[in-house]
Amino acid sequence: MNEQNWYRGNIHTHTTESDGDAEPEKVAAWYREHGYDFLVLSDHNHLTLLDYGNGRDGSLGPLMIPGEEVTLPLDDDGVPVHLGAVGIDRLVEPVDAGDVAATLQANIDAIQDAGGISCINHPSWKWAFDHEAIIKTRGASLMEVFNAATQCNNFPIPVLGFLSPSEIWDNVLSAGVPIFGVASDDSHHYHDFSPDLDNPGRGWVMVESDELESESIVEAMASGHFYFSTGVFLGEFKASPDQISLKIRREADSIFLTRFIGRDGTIYGEQVGREISYRPTGDEGYIRAHVTSSNGLQAWTQPVFLS
């Protein structure tokens, strides 16, 4: 694609059909009014369907992609294993297969059988599981590296030995399991806005696609043709095993630091500025870019695998 078409979307949000505090129509309206092109309503073990058409052709919008959060356990006991089911054609019933890895795999398979792609949601919520379970699975397309819900433990606590989602992601990639990262809202609260509430608008994906159509968007995510963000926008992004280059959109007087990260979470390069490039040596295993702004916002690109 010569001209990059970026579509903004959220793939993890809840309504009154599960544990959100707003009706599906109100949730979709919030995302429409805030410039989102597509949305997945991911209620727990429930397929919530709306047809709002394509938000860029004059119809109501946003484009609604069918989804669900396949949720185990079904009560407050046991390890929480939650998977986003994106682009499914029917409800996916949760499968408890005993241990975490087997349960992940059983539900990944069930999501694929329903025509969708799977996202491993918030592994650090309640410190549920880490890369040791994920690397035993195959077939998941996505993993939440940033989940904006208030208790998802997005940042590392090295003194205590707990791993952040980004550290888990690097361990998964270093083990040779190709999973693409996402940011999501996991929103539940739409009436009051506060740091201690799970509000919308805090984490999203920017998908590169020829068109704003459900199958095209899901295929692009499954192929890793997207980046994810909490507020940093890329004007341009190109990636190959030969070179990674990106242009960051100006944001007032913000300063941007980009780190190029590879095997085992090693930082192979750091650059300050809005136009950045990196040439892999071939020894990094994979390379991904992580952009942080002086205002605290972030963006992540997908890994480029070098071998």
Side-chain angles (χ1 to χ4, degrees), residues 9-20 24 27 38-50 64-131 133-149 151-152 165 168-169 172 177 179-188 198 203 205 214-215 217-219 221-222 228:
N10 178 41
I11 66 170
H12 189 172
T13 192
H14 297 279
T15 79
T16 49
E17 294 299 312
S18 61
D19 55 350
V27 173
F38 69 92
L39 178 65
V40 178
L41 300 179
S42 57
D43 284 310
H44 296 286
N45 300 331
H46 187 277
L47 182 58
T48 304
L49 296 175
L50 289 175
M64 304 302 296
I65 298 176
E68 171 192 354
E69 186 168 24
V70 181
T71 304
L72 290 125
L74 301 178
D75 53 34
D76 293 332
D77 297 325
V79 176
V81 177
H82 296 190
L83 292 101
V86 179
I88 50 177
D89 57 22
R90 62 181 182 274
L91 179 71
V92 176
E93 297 289 350
V95 179
D96 187 343
D99 62 34
V100 171
T103 297
L104 284 170
Q105 189 65 66
N107 289 283
I108 290 167
D109 294 342
I111 292 166
Q112 288 181 324
D113 288 345
I117 62 173
S118 55
C119 179
I120 297 173
N121 286 349
H122 46 59
S124 294
W125 181 53
K126 296 187 177 180
W127 308 111
F129 53 89
D130 60 19
H131 59 283
I134 297 172
I135 63 177
K136 296 176 183 176
T137 70
R138 292 297 182 270
S141 298
L142 312 171
M143 184 193 118
E144 286 185 335
V145 174
F146 182 90
N147 178 305
Q151 299 181 29
C152 283
I168 294 172
W169 189 33
V172 169
V177 180
I179 293 181
F180 301 115
V182 303
S184 75
D185 281 340
D186 197 357
S187 48
H188 294 73
D198 299 333
V205 294
S214 182
E215 185 175 343
I217 293 292
V218 173
E219 181 179 346
M221 284 194 289
F228 55 107

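Scope of the values below: all heavy atoms of this structure, side chains included, with no hydrogens, waters or symmetry mates.
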With rounding to the nearest 0.5 angstrom, report the [atom1] to [atom2] distance, [X] to [Y].
X	Y	atom1	atom2	value
Asp198	Asn147	CG	CG	8.0 Å
Ile120	Leu83	CD1	CG	6.0 Å
Ile108	Ile134	CD1	CD1	8.5 Å
Leu41	His12	CG	NE2	11.0 Å
Asp19	His46	CG	NE2	12.5 Å
Met221	Cys119	CE	SG	9.0 Å

Suppose we screen for side-chain contact (heavy atoms from CB on, under 4.5 Å). Which residues come up paired with [X], at least two apart in sequence or across chains?
X	result
Asp130	Glu132, Leu163, Ile168
Val100	Val79, Val81, Leu104, Phe129, Ala133
Ala110	Val92

Shortest non-hydrogen contact between [X] and [Y], atoms and distance:
X	Y	result
Val145	Gly181	CG2-CA, 3.8 Å
Ala97	Ala106	CB-CB, 4.1 Å
Ile179	Trp169	O-NE1, 2.8 Å
Leu91	Leu47	CD1-N, 3.6 Å
Gly203	Asn10	O-OD1, 3.8 Å
Val182	Phe228	C-CD1, 3.4 Å

Just wondering, do [Y] and [X] contact through their side chains at under 4.5 Å, heavy atoms?
X	Y	value
Pro165	Cys152	no
Ile11	Leu142	yes
Val218	Phe38	no
Glu17	Pro24	yes

### Message
Less than 3.5 Å apart, any donor N or O on the side chain of Asp186 or His14 sitting next to an acceptor on the other?
### Response
yes
### Query
Which pairs, with at least one residue in residues 78-104 and sequence neighbours excluded, count as a ring-ring contact (aromatic ring centres under 6.0 Å, His included)?
His44-His82, His82-His122, His82-Trp125
### Task
Please list all pairs passing the ring-ring contact (aromatic ring centres under 6.0 Å, His included) test where one or both residues lie in residues 96-117, with sequence neighbours left out.
none
### Query
Between Asn107 and Pro94, is there a donor-acceptor pair closer than 3.5 Å when you use the side chain of the first and the backbone of the second?
no
### Query
Which residue pairs satisfy the side-chain hydrogen bond (donor to acceptor under 3.5 Å, both in side chains) criterion with at least one member in residues 109-119, sequence neighbours excluded?
Gln105-Asp109
